[in-house]
Novice: 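Dropping the structure in here first, questions after.
These figures come from a predicted structure and were not determined experimentally.
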Amino acid sequence: WYQRRVREAVVSTQSTGKRDPVMCIITLKMNETVAEIIQTVQAADMPEGQNTVDILRDLFNSEEKYKNLPCIVVMDYVCTNKRSGADTDKVLVFKWIPDSCSKIRQKMVYSSAWEGFKTMLNSTANIQTGNMFEAQDWDDVEDKLKDC
């Protein structure tokens with residue numbers, strides 16, 4: 001059940017034309033074995049001059065509910081191709097387990113589910129493994145985005 005919900009979020013960001021929603025944040029409910037989309041950001045809701053990275057940074061650094069909440073983030077990301085200089089639109093998927101998360105069981109469930117997600121996303125949603133990563137703090141996210 002976890003995988004189906006994550007796949008739905010990824011497919012919704014891969015639709016042709018303008019990707020919408022541009023970001024989904026998904027949590028796993030431990031007792032029910034289901035994934036729940038707890039927040040989406042639509043293209044129309046994007047503040048002027050901000051991108052998905054800016055919004056995600058604000059959420060993870062300022063909103064209390066994300067400081068200790070493990071989740072899976074699916075986001076549209078525009079990066080510059082290092083060879084051609086052209087903008088490239090990618091869907092990135094990452095597992096966010098902040099260092100401050102003290103619930104061992106949550107960490108274990110996310111870690112065990114993550115491998116299945118990566119396999120499923122690679123085969124059914126054509127997300128390259130290089131576009132999937134794990135992060136424990138904002139520096140991890142920024143390091144990965146530099147490598148895109």
Novice: Please give me the minimum heavy-atom distance between Ser111 and Ile97, naming the atom from each residue.
Specialist: OG-CD1, 4.4 Å
Novice: Going from CH2 on Trp114 to NZ on Lys95, what distance comes out if it is rounded to the nearest 0.5 angstrom?
Specialist: 7.0 Å
Novice: To the closest 0.5 Å, what do you measure between CG (Leu92) and NZ (Lys144)?
Specialist: 8.0 Å
Novice: Distance check, rounded to the nearest 0.5 Å: Ile72 atom CD1 versus Glu134 atom CD?
Specialist: 10.0 Å
Novice: Please give me the minimum heavy-atom distance between Phe133 and Val141, naming the atom from each residue.
Specialist: CE1-CA, 4.1 Å
Novice: Can you name the nearest heavy-atom pair linking Ile37 to Cys24, along with the distance?
Specialist: CG2-CB, 4.4 Å
Novice: Nearest 0.5 Å, please: how far is CG in Leu56 from CG in Leu59?
Specialist: 6.5 Å
Novice: Minimum heavy-atom separation for Ile26 to Tyr110, with atom names?
Specialist: O-OH, 4.3 Å
Novice: Decide yes or no for Ile55 and Met75: does some side-chain heavy atom of the first lie under 4.5 Å from some side-chain heavy atom of the second?
Specialist: no
Novice: Is it the case that one hydrophobic cluster holds both Met46 and Val78, taking links as side-chain heavy atoms less than 4.5 Å apart, direct or via other members?
Specialist: no
Novice: Trp138, Tyr77: one ILVMFWY side-chain cluster at the under-4.5 Å cut-off?
Specialist: yes
Novice: Output all residues satisfying salt bridge (charged side-chain N to carboxylate O under 4.0 Å, His left out) with Asp54, sequence neighbours left out; order by chain, then residue number.
Specialist: Arg57
Novice: Is there a side-chain contact between Val41 and Thr52 in this structure, where contact means two heavy atoms from C-beta onward sitting under 4.5 Å apart?
Specialist: no
Novice: Classify the angle between the aromatic ring planes of Phe60 and Trp96 as parallel (below 30°), tilted (30 to 60°) or perpendicular (above 60°).
Specialist: parallel
